[in-house]
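All values below were derived from every heavy atom in this structure, side-chain atoms included, with hydrogens, water molecules and symmetry-related copies excluded. In what follows, every chain begins at residue 1, and chains take the letters A, B, ... in the order their sequences are listed.
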There are 2 protein chains.
Amino acid sequence: MRINTVFEALSHPVRRQILTLLKTRPMSAGELAGHFDLTKPTLSVHFNKLRDAELVAVERRGTSLIYHLNMSILEEALSGLLGKKDQTP
Amino acid sequence: MRINTVFEALSHPVRRQILTLLKTRPMSAGELAGHFDLTKPTLSVHFNKLRDAELVAVERRGTSLIYHLNMSILEEALSGLLGKKDQTP
DNA sequence: CACATAGTTAGATAGATATCTAATTAGTGT
DNA sequence: ACACTAATTAGATATCTATCTAACTATGTG
């Protein structure tokens, strides 16, 4: 896990919005793109950065690519900043 | 709290390192600058971004400016991304 | 196989970010 | 008032980031 890659990925509002959208359920690239006033190639670049950070995982389903949220990386990165190694609640 | 400002501030490794240094104790601008291979003006810009995001607070002590960590903003921003409004442990 | 659909990659460009040197402000002491 | 130290702001520049259009890849269907 590249902590720098994770925080860079989180630094753009569109990418955080994508993560928020994926909190409800997995979505295809096209469906996600429909929520923004940006072209598909632009969104595709954002998807790549999220994937590089492992904040999302991809699964092909026919012609569609389905993006899934990966919460655990988010938690890892944050606990890295916030505190000690093991902080059992 | 500008969530965007907070995440932008967190996106640079030097700024995250500054926060980590401040976890142990408050430090002056000069002392913080000593930990990096960058000029003071450059660090000063980083301090400003952290202050804008309210991730740190400043207190003047004689000719020195002492920077303090403000954990709560970090937690707020993160819980905003991670989950529901109130997630009492 | 030809075509349509979903999505990505490539290349170009405008705008934002990080960094430096030089100049400025603020506080302390002589 | 002057000099000294700590730190900031200003201005310039190099690099990085986001975005677009155009071209390409992959999958499914008649």
Side-chain angles (χ1 to χ4, degrees), chain A residues 2-22 24-70 77 81, chain B residues 2-22 25-70 73 77 81:
Chain A
R2 275 267 126 69
I3 194 149
N4 201 37
T5 310
V6 175
F7 277 104
E8 242 169 50
L10 291 174
S11 72
H12 197 285
V14 165
R15 290 192 289 265
R16 288 197 307 277
Q17 181 74 33
I18 290 169
L19 295 179
T20 301
L21 286 166
L22 291 177
T24 36
R25 63 193 163 74
M27 291 187 198
S28 71
E31 185 176 4
L32 285 167
H35 286 83
F36 298 92
D37 201 20
L38 296 168
T39 64
K40 281 184 177 193
T42 296
L43 267 295
S44 201
V45 172
H46 287 305
F47 297 151
N48 274 342
K49 300 206 173 193
L50 290 170
R51 202 162 46 79
D52 286 352
E54 297 176 82
L55 285 163
V56 301
V58 201
E59 168 209 1
R60 180 173 282 280
R61 197 147 191 174
T63 64
S64 295
L65 293 180
I66 311 293
Y67 285 93
H68 301 255
L69 182 58
N70 181 7
L81 239 199
Chain B
R2 275 268 126 69
I3 195 147
N4 200 37
T5 310
V6 174
F7 277 103
E8 241 169 51
L10 290 173
S11 71
H12 197 286
V14 165
R15 291 191 290 264
R16 288 197 306 277
Q17 180 73 33
I18 290 169
L19 295 179
T20 301
L21 287 167
L22 291 178
R25 62 192 165 76
M27 291 187 197
S28 71
E31 186 176 3
L32 285 167
H35 286 82
F36 299 92
D37 201 19
L38 295 168
T39 63
K40 281 184 176 193
T42 296
L43 266 293
S44 201
V45 172
H46 287 305
F47 296 151
N48 273 343
K49 301 207 173 192
L50 289 170
R51 204 162 45 80
D52 285 353
E54 298 178 80
L55 285 163
V56 301
V58 201
E59 168 210 0
R60 181 174 279 281
R61 196 147 190 174
T63 65
S64 296
L65 292 180
I66 311 293
Y67 285 92
H68 301 255
L69 181 59
N70 181 7
I73 288 282
L81 238 199

Kindly check if the number of other-residue, nucleotide or ligand heavy atoms within 6.0 Å of CZ (A:Arg60) is above 12? yes

With heavy-atom distances below 4.5 Å as the criterion, would you say the side chains of B:Ile18 and B:Leu55 are in contact? no

Please report the distance, rounded to the nearest Å, between CG in B:Leu43 and P in D:dT9. 14 Å

Do the side-chain N or O atoms of A:Thr63 get closer than 4.0 angstrom to the phosphate oxygens (OP1, OP2) of C:dA6? no

How would you label the contact of B:Glu31 with the nucleic acid (heavy atoms, under 4.0 Å): base, sugar-phosphate, or nothing? nothing

Distance check: side-chain N/O of B:Ser64 vs OP1/OP2 of C:dG27, anything under 4.0 Å? no

Can you tell me which residue among B:Val6, B:Thr5, B:Ile73 is in a side-chain contact (heavy atoms from CB on, under 4.5 Å) with B:Glu54? B:Ile73

Starting at atom CD of A:Gln17, determine the distance to atom P of D:dA18, rounded to an integer number of angstrom. 16 Å

Between the protein and nucleotides 20-25 of chain C, list the N/O to N/O atom pairs that are separated by less than 3.5 angstrom.
from   : atom 1 : to      : atom 2 : distance (Å)
C:dC20 : OP2    : B:Thr39 : N      : 3.1
C:dC20 : OP2    : B:Thr39 : OG1    : 3.0
C:dC20 : OP2    : B:Thr42 : OG1    : 2.7

Taking only heavy atoms on the protein side, list every residue of residues 46-55 of chain B lying under 4.0 Å from any atom of DNA chain C, sorted numerically. B:His46, B:Lys49

Round to a whole Å and report the spacing from CZ of B:Phe7 to C1' of C:dT17. 19 Å

Taking CZ from A:Phe36 and C1' from D:dA18, how many angstroms apart are they, rounded to a whole number? 14 Å

List the steps, then state whether side chain to side chain contact (heavy atoms under 4.5 Å, CB included) holds for A:Leu22 with A:His68. CA-CA 6 Å; A:Leu22 291 177; A:His68 301 255; over 6 Å; no

Step by step, would you call A:Phe36 with A:Gln17 a side chain to side chain contact (heavy atoms under 4.5 Å, CB included)? CA-CA 9 Å; A:Phe36 298 92; A:Gln17 181 74 33; 3.4 Å; yes

Within this structure, what is the CG-to-P distance between B:Asn4 and C:dA16, rounded to whole angstrom? 13 Å

Measuring to OP1 and OP2 of C:dA18, would you say a side-chain N or O of B:Arg15 lies under 4.0 angstrom away? yes

5'-most by nearest nucleotide on DNA chain D - A:His12 or A:Arg60: A:His12

Hey, is the main chain of A:Glu8 close enough, under 3.5 Å, to the side chain of A:Ser11 for a donor-acceptor pair? yes

Can a donor-acceptor pair be found, under 3.5 Å and without considering hydrogens, that links the side chain of B:Arg15 to the backbone of B:Leu10? no

Straight-line distance of B:Leu32 CG to B:Lys40 NZ, nearest 0.5 Å: 11.0 Å

Considering all heavy atoms, the nearest A:Leu50-A:Ala9 contact: CD2-CB, 4.3 Å

Whole angstroms only, please: what is the CD1-C1' distance between A:Ile66 and D:dT27? 13 Å

